[in-house]
Amino acid sequence: MSELATKYDPSEVESKWYAYWMEHRLFHSEPDGREPFCIVIPPPNVTGVLHMGHMLNNTIQDILVRRARMQGKNALWVPGTDHAAISTEAKVVAKLASEGVAKTDLTREEFLKHAWDWTHRYGGIILEQLKKLGASCDWERTAFTMDDVRSRSVIRVFVKLFEKGLIYRGVRMVNWDPKALTALSDEEVIYKEEQSHLFYLRYMVEGEPGRYIVVATTRPETILGDTAVCVNPNDERYSWLKGKRVIVPLVGRSVPIIMDEYVEMDFGTGCLKVTPAHDVNDYMLGEKYNLPSIDIFNPDGTIAEAGGMFVGMDRFDVRRKIMEDLKAADLVEKVEDYVNKVGHSERTDAVIEPKLSTQWFVKMEDLAKPALEGVEKDDIKYVPSKFKNLYRHWMTNIKDWCISRQLWWGHQIPAWYLPDGSYVVAETEEDALVKAIEKTNDASLTLADLKQDPDCLDTWFSSWLWPISLFNGILEPDNEEIRYYYPTTDLVTAPDIIFFWVARMIMAGYEFMGKEPFHNVYFTGIVRDKIGRKMSKSLGNSPDPLDLIDRFGADGVRMGLMLAAPAGNDIMYDDSLCEQGRNFCNKIWNALRLVKGWDTADKEQPESARLAVDWFGSMLNRTLAEVDDLMGKFRISEALMAVYKLFWDEFSSWYLEIVKPAYGSPMDQTTYKATLDYFDTLLRLLHSFMPFITEELWQHLSAREEGESIMIAELPKPGSVDETLLARFEEAKEIIAGVRTIRLKKQIANKTPLTLNVEGSLPEGMLPVIEKMANLQEVEKVAEKNPTAMAFRVGATQYSVPLSEQVDPEEELCKLEADRKHYEGFLVGVKKKLANERFVANAPEAVVALERKKEADATAKLEAIDAAMKALQNR
RNA sequence: GGGCGAUUAGCGCAGCUGGUUUAGAGCAUCUGCCUUACAAGCAGAGGGUCGGGGGUUCGAAUCCCUCAUCGCCCACCA
């Protein structure tokens with residue numbers, strides 16, 4: 001073996017093995033006769049950089065994939081990136097702006113060229129970063145939501161859904177940014193509390209001079225677009241208004257009174273002005289009561305011709321001006337201070353203007369039905385299951401999906417408008433022309449007459465196809481790959497995109513494949529800092545993942561994240577987690593140093609070593625079974641903790657210490673061979689969690705052929721467990737700890753051999769182990785404790801170590817007394833239970849029997865304590 | 001405002017359909033050790049009555065009600 005340093009240095013090891021895995025194409029998968037196991041990566045933003053959320057998410061995926069691979073499955077993890085329409089376009093716009101170029105100065109083609117340049121420059125950085133983490137993705141399959149296959153899939157799906165009647169054009173209130181001149185998605189609107197005013201305005205009742213009602217509004221300028229006033233039908237104060245009309249102040253328009261329970265009677269005056277063009281709820285009322293809708297704003301937020309007055313003036317200037325005019329006309333009842341939430345644009349900070357516009361929608365009702373059922377029936381299992389509730393709630397209240405975005409970066413909507421104002425939907429321009437001619441019966445139409453819809457599709461409209469389109473299942477639904485890998489096995493993602501992404505993938509899966517897209521969805525938590533704040537750039541509380549990998553090693557960081565991350569729970573990140581991971585790596589490293597430093601000789605196996613080998617075999621099998629069970633339930637951090645304890649406590653602190661030969665002497669072959677085998681098994685078990693160090697040590701452990709790797713070695717399977725042996729061993733450990741405690745208290749060095757007195761019997765067969773680990777020169781059965789001995793108890797048996805000096809009887813008594821109290825209290829509880837007739841009558845027999853055993857055990861212990869106390873007092 | 005979930009050692013968690021010794025590990029803490037793999041270490045120890053109150057039950061951290069606190073999702077009052 002080459003010399004191993006005293007500390008594990010990850011940097012060199014990591015790059016070396018990642019290159020080796022790549023060189024031998026160990027991540028690559030192709031359909032074959034084995035059982036498939038597949039995960040598709042949640043595609044990160046193509047120009048993004050790795051953050052802690054990605055680290056967590058991808059570590060989990062890698063653990064699952066590596067484990068499956070070692071279980072002999074044909075494991076595939078498909079990587080890729082997302083074009084992230086809104087955020088990428090915003091970045092490109094910002095970059096151009098910094099160069100003094102406005103998006104409006106460019107043609108679509110010019111802008112897209114800049115966007116592609118940007119994508120090529122920064123695209124894929126994040127995937128390179130994932131490699132540093134050890135991600136075992138099949139990079140040969142790297143996809144992009146805007147590459148050829150994925151783009152054509154998106155367009156095909158749009159056309160299919162349109163032809164099925166599931167896509168339609170509709171008018172909807174969008175969040176309009178008057179500064180950026182674009183619609184924003186709801187996610188881009190930031191609501192801020194603002195100090196504003198509630199204006200109480202008088203609306204005169206038509207035909208009843210002098211009679212008026214008062215309407216409260218925060219936006220007096222929108223009265224220009226008022227087309228009704230609404231009151232609650234249950235509001236007796238206004239029942240007299242039924243069927244009447246009122247005059248919009250200043251404007252002079254006569255509008256109807258409508259009655260709808262939407263209006264809260266106790267807010268403001270109970271009268272609501274209705275402006276269907278400029279308020280989402282008013283829009284709904286307008287639809288319901290067939291009200292006209294007057295759009296009073298230009299795209300830039302100034303008053304349009306339709307406003308009739310203040311034309312061309314900015315909306316906020318109008319608010320001031322109109323209030324002056326209203327006051328002058330004595331139409332203002334009062335003005336109150338009022339705090340309300342105002343939507344601002346995430347990009348420009350401009351106040352959002354709700355604006356009606358025509359958008360494309362997907363009908364969701366039919367799509368949602370099978371998707372809800374699939375999760376309800378656990379065809380798709382959610383981990384943790386609490387997300388089922390959330391999902392159900394959303395799916396049963398689902399709204400149609402607005403899929404058009406006023407962007408250039410993305411998949412342009414495949415709809416072409418004809419000169420007559422109608423439109424056709426087709427996969428290509430040529431098809432569109434054919435359809436247009438068919439539709440209009442006008443053979444003279446040419447491509448130049450068709451104008452494609454300038455808008456793009458929502459990013460999620462491409463990512464909802466991801467598990468299908470990655471295998472080209474949309475364009476070639478019968479191809480070998482989609483048949484083999486679909487449905488994929490697990491999906492790992494954050495719960496905040498359960499609706500945006502997970503739900504829609506499920507819908508797409510059932511709609512286009514007739515089957516669920518994956519079997520399990522593991523929802524990770526959100527990574528927070530240690531005081532619970534979400535990690536964010538602005539707070540500067542997010543560590544740079546690559547820096548962490550530099551400091552702690554990829555394996556250390558992976559372990560640190562996994563230890564703290566039960567499914568669905570947020571994780572409070574702290575560097576100390578990675579430190580623990582790094583320390584564990586070091587522990588493993590040094591354990592190998594120890595083992596490799598041993599010489600062997602042809603000699604007999606010591607009994608203590610034989611026991612240790614037997615015992616650890618059982619321990620290992622028990623843990624293997626436990627890990628299998630936990631991983632099956634996606635309880636990854638618990639599984640890792642089990643492995644951690646197995647390696648650190650059981651293997652290093654107990655097993656290795658027991659079999660360790662005396663200084664300078666060699667080890668017998670049998671034990672050495674067993675130890676290497678155990679080490680090998682442990683490394684395999686650890687590999688999916690900590691791929692790099694295990695690969696490195698696996699090489700040091702035994703020679704290998706070029707191309708071999710622990711990552712394709714077989715995962716150990718649990719074997720038989722000798723429970724009796726395990727129990728005896730645990731008792732032995734307690735006895736050893738008892739002796740060690742005495743050493744600590746009495747300042748006796750480990751080197752000094754001691755004598756152990758036993759009042760009773762040792763756990764069967766454990767003597768050699770106890771002798772070695774406690775460094776005993778003699779173990780003697782005694783009837784009664786030696787006065788100069790210091791005692792401890794394991795179970796009902798008292799052990800003692802004779803010392804040269806007198807032991808303070810007071811101290812001994814005190815300890816015994818404390819023990820006595822504990823067991824007495826316990827016994828009282830048990831006895832009370834057993835004395836309760838209803839307990840004995842109603843509780844299952846096994847439970848009663850157990851209580852009886854507790855009673856007997858505790859009584860025996862108390863007797864032993866009493867005897868010890870008596871002996872002490874009699875001295 | 002509606003819904004969901006949480007509240008267990010200093011910290012972040014486990015404790016599954018109520019009953020295996022008056023609650024379990026990890027980290028941190030404390031004590032003693034540089035013992036020839038590892039001080040990124042070794043050995044040992046202490047620490048909670050399970051958010052408050054009420055109820056069901058022979059028996060509750062575990063089930064029900066209620067209050068409190070926190071978190072998440074949805075809707076949002078003009």
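Letters A, B, ... mirror the listed sequences (proteins, then strands); counts begin at 1. Atom set for the values below is all heavy atoms of this structure, side chains included, hydrogens, waters and symmetry mates excluded.
Qualifying salt bridge (charged side-chain N to carboxylate O under 4.0 Å, His left out) partners for A:K334, counting only residues two or more places apart in sequence or in other chains: A:E336. Partners of A:I294 according to the side-chain contact (heavy atoms from CB on, under 4.5 Å) rule, which considers only residues two or more places apart in sequence or in another chain, are A:T227, A:R253, A:I296, A:A306. Taking A:R528 as the reference, A:D570 meet the salt bridge (charged side-chain N to carboxylate O under 4.0 Å, His left out) condition, with sequence neighbours excluded. Residues satisfying the salt bridge (charged side-chain N to carboxylate O under 4.0 Å, His left out) criterion with A:E855, sequence neighbours excluded, are A:K831. In this view, A:Y799 and A:F792 satisfy the ring pair (Phe, Tyr, Trp, His ring centres under 6.0 Å) rule, not counting sequence neighbours. Partners of A:D599 under the side-chain contact (heavy atoms from CB on, under 4.5 Å) rule, at least two apart in sequence or in another chain, are A:P666. Looking at residues two or more places apart in sequence or on another chain, you find no side chain to side chain donor-acceptor pair (under 3.5 Å) involving A:D266. With sequence neighbours excluded, the residues that form a salt bridge (charged side-chain N to carboxylate O under 4.0 Å, His left out) with A:E730 are A:K733.
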Here RNA chain B, pairs taken as Watson-Crick or G-U under 3.5 Å and shown with ( ), [ ] when crossing and | when to another strand, reads (((((((..((.(.....[....).)).(((((.......))))).....(((((..]....))))))))))))....
What is the per-nucleotide protein-contact pattern of nucleotides 9-17 of chain B, from the 5' end, where B denotes a base atom under 4.0 Å from a protein heavy atom, S denotes such proximity for sugar-phosphate atoms only, and - denotes neither?
---SSSS--
Going 5' to 3' through nucleotides 36-49 of chain B, assign each nucleotide B (protein heavy atom under 4.0 Å from a base atom), S (under 4.0 Å only from sugar-phosphate atoms) or - (no protein heavy atom that close).
BBB-BSSSS-----
Identify all side-chain donor-acceptor contacts of residues 653-661 of chain A below 3.5 Å with residues at least two apart in sequence or on another chain.
unit_1: A:S653; atom_1: OG; unit_2: A:W648; atom_2: O; d: 3.2
unit_1: A:Y655; atom_1: OH; unit_2: A:T675; atom_2: OG1; d: 2.8
unit_1: A:E657; atom_1: OE1; unit_2: A:K660; atom_2: NZ; d: 3.3

